[in-house]
Amino acid sequence: ECVYLCGNSLGLKPKAADTFVMAQLDKWAHMGVHMHFEDPLPAFTCDKYSKASLGHLVGAAPSTVTLMNGLTVNLQLLMVSFYHPTKQRYKIMIEAHAFPSDRYAMESQARLHGYDPDTVLLQIKPRQGEELLRHED
């Protein structure tokens, strides 16, 4: 017995995942783009099927939650929208051992704006002998 708590992972694979994934791949092979609109589980509206469960999980009404991309894609979208560096303000603070794809997203944003990622990324890590970051740091 164990509890799997890994925030930068897909987690344990559900037993039924292979069956569901193969069904979608088969549907894609036979229907092409039309699979996005056909039952079962049309890809175009796949987020609506999980809203009730997600709402229950986080204690919110299903109409107030949404499913989005993976974390790295969301970080990239966030940065494209809000990262507007200037000569005085261009640093991006990131944990020293961030998930590699998250780091790549930050590096690509620095390059997109003409900066060297080595000078833009301000890497933070816990103090020597500690496991957690301190707020004051």
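Residue indices begin at 1 and follow the sequence shown.
The main-chain N or O of N74 is never found under 3.5 Å from a side-chain atom of N69 such that the two would form a donor-acceptor pair. With hydrogens and angles ignored, the 3.5 Å screen pairs a side-chain donor or acceptor of R103 with a backbone N or O of A96. Remark: side-chain polar atoms of K125 are not paired, donor with acceptor, to backbone N or O of H97 under 3.5 angstrom. Side-chain atoms of K27 come within 3.5 Å of backbone atoms of P40 as a donor-acceptor pair (strictly under, hydrogens ignored). At least one donor-acceptor pair under 3.5 Å links the side chain of S108 to the backbone N or O of A105.
Between H30 and M35 there is no side-chain heavy-atom pair separated by less than 4.5 Å. Between I92 and M79, some side-chain heavy-atom pair lies under the 4.5 Å cut-off. When side chains are defined from C-beta on, M106 does not count as touching P117, because their heavy atoms never get closer than 4.5 Å.
The structure places CG of D116 at 10.0 Å from OH of Y90, a figure rounded to the nearest 0.5 Å. Rounded to the nearest 0.5 Å, atoms CG (L71) and CG (L78) are 10.0 Å apart. To the nearest 0.5 Å, atoms CZ (F20) and NZ (K15) are separated by 14.0 Å. In this structure, CG on D102 lies 10.0 Å from CD on Q76, to the nearest 0.5 angstrom. Taken to the nearest 0.5 Å, the CD atom of Q109 stands 12.5 Å off from the CZ atom of F82.
Minimum interatomic distance between S50 and L67 (heavy atoms only, all atoms of both residues): CB-CD1, 3.4 Å. Shortest non-hydrogen contact noted between A52 and P62 is CA-CG, 3.8 Å. Nearest heavy-atom pair, T72 versus S101, reported as atom, atom and distance to 0.1 Å: OG1-OG, 2.7 Å.
For E131, the CD atom sits in a loose shell: 12 or fewer heavy atoms of surrounding residues, nucleotides or ligands are nearer than 6.0 Å. More than 12 heavy-atom neighbours from other residues, nucleotides or ligands sit within 6.0 angstrom of CZ on R127. Atom OH of Y49 has more than 12 neighbouring heavy atoms from other residues, nucleotides or ligands inside a 6.0 Å radius. Within 6.0 Å of the CG atom in L122, the count of heavy atoms belonging to other residues, nucleotides or ligands exceeds 12. Within a 6.0 Å radius of CZ in F37, other residues, nucleotides and ligands contribute more than 12 heavy atoms.
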**Criterion side-chain contact (heavy atoms from CB on, under 4.5 Å) on E107 and V120, from CA distance to verdict** = CA-CA 8 Å; E107 289 173 356; V120 169; over 6 Å; no
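Between H113 and Y83, the ring centre distance stays below 6.0 Å.
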